[in-house]
Amino acid sequence: QVQLVESGGGLVQAGASLRLSCAASGGTFSSLAMGWFRQAPGKEREFVAAIGRSSIVTDYTDSVKGRFTISRDNAKNTVYLQMNSLKPEDTAVYYCAADSRWPLRVVTNYWGQGTQVTVSS
C-alpha cells in the first residue's frame with residue numbers, strides 16, 4: 001500500500017512562490033506516475049500536474065502552465081511542485097497522487113491527506 005505525505009503548503013501573497021513536497025512510502029516509487037490535484041472550497045477536485053516514472057513525460061493543466069513545475073527525485077522517493085507567480089485562484093487544498101498507470105489525470109489510485117495553499121491578493 002502506497003502512502004503519500006505532503007508538506008510545504010502555507011499562506012503567501014499573490015506573486016509569491018511555494019514548493020510542495022510529497023514523500024512516498026510503501027511501494028516502488030520509480031514504478032509510479034506521480035502528480036498533484038487540488039480542491040478549492042465549493043469546487044470539485046481538479047488535476048494540476050503529473051510526471052512519469054522517469055521524469056521524461058509531464059502533464060499540466062492549462063491554468064498552471066508556465067508557472068508550476070513538477071519534478072521528482074527517485075532516490076528520495078519524493079515528488080515536488082514548484083509554484084511560481086501564485087494567484088488567489090490557486091488557493092486550494094493540494095493533494096499528492098500516484099498510480100502505476102498513465103495518464104495520472106485520468107486514473108489515480110493513491111492519495112495523500114492534502115496540504116493547504118492560500119494565496120492572498
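Basis for what follows: all heavy atoms, side chains included, without hydrogens, waters or symmetry-related copies.
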Exercise. Decide, yes or no, whether a salt bridge links Asp62 with Lys65 under the criterion of side-chain N to carboxylate O below 4.0 Å.
Key: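 Yes, charged N to carboxylate O under 4.0 Å.
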
Would you say that [X] contacts [Y] through its side chain, given a criterion of any heavy-atom pair below 4.5 Å between the two side chains?
| X | Y | value |
| --- | --- | --- |
| Asp73 | Tyr80 | yes |
| Arg105 | Asp59 | yes |
| Gln1 | Tyr110 | yes |
| Trp111 | Cys96 | no |
| Val119 | Glu89 | no |
| Arg101 | Asn109 | yes |

Quiz item: Hey, are Thr108 and Asp99 close enough side-chain-wise for a donor-acceptor pair under 3.5 Å?
Solution: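 Side-chain D/A pair, Asp99 to Thr108: absent.
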
Any chain of hydrophobic side-chain contacts (each under 4.5 Å) joining [X] to [Y]?
| X | Y | answer |
| --- | --- | --- |
| Val64 | Ile70 | yes |
| Tyr60 | Trp36 | yes |
| Met34 | Trp102 | no |

Quiz item: Would you say Arg53's side chain and Ser30's backbone share a donor-acceptor pair under 3.5 angstrom?
Solution: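 No.
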
Identify the heavy atoms of [X] and [Y] that sit nearest to each other, and give their distance.
| X | Y | value |
| --- | --- | --- |
| Leu4 | Val2 | CD2-CG1, 3.8 Å |
| Leu86 | Arg67 | CA-NH1, 3.9 Å |
| Ser21 | Thr78 | CB-CG2, 4.3 Å |
| Ser17 | Asn84 | OG-OD1, 2.9 Å |
| Gly112 | Tyr95 | O-CD2, 3.6 Å |
| Leu32 | Ser100 | CD2-N, 3.9 Å |

[atom2] on [Y] to [atom1] on [X], rounded to 0.5 Å:
| X | Y | atom1 | atom2 | result |
| --- | --- | --- | --- | --- |
| Leu20 | Gln82 | CG | CD | 9.0 Å |
| Gln13 | Ser121 | CD | OG | 9.0 Å |
| Leu104 | Thr58 | CG | OG1 | 12.5 Å |
| Thr118 | Asp90 | OG1 | CG | 11.0 Å |

Exercise. Among Ser55, Cys22, Ser71, find the one that has a side chain to side chain contact (heavy atoms under 4.5 Å, CB included) with Val79.
Key: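 For Val79, the side chain to side chain contact (heavy atoms under 4.5 Å, CB included) check succeeds only for Cys22.
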
Quiz item: With Arg38, which of Glu6, Glu44, Glu46 fulfils salt bridge (charged side-chain N to carboxylate O under 4.0 Å, His left out)?
Solution: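 Exactly one candidate clears the test, Glu46.
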
Exercise. Evaluate the side chain to side chain contact (heavy atoms under 4.5 Å, CB included) criterion for residues Phe68 and Leu18: first the C-alpha distance (whole Å), next the side-chain angles of each, then the deciding distance (0.1 Å), finally the verdict.
Key: CA-CA 10 Å; Phe68 291 12; Leu18 273 178; over 6 Å; no

Quiz prompt | Charged tip of Arg45 within 45° of Phe37 ring normal and under 6.0 Å | solution =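 No, Arg45 does not sit over the ring of Phe37.
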
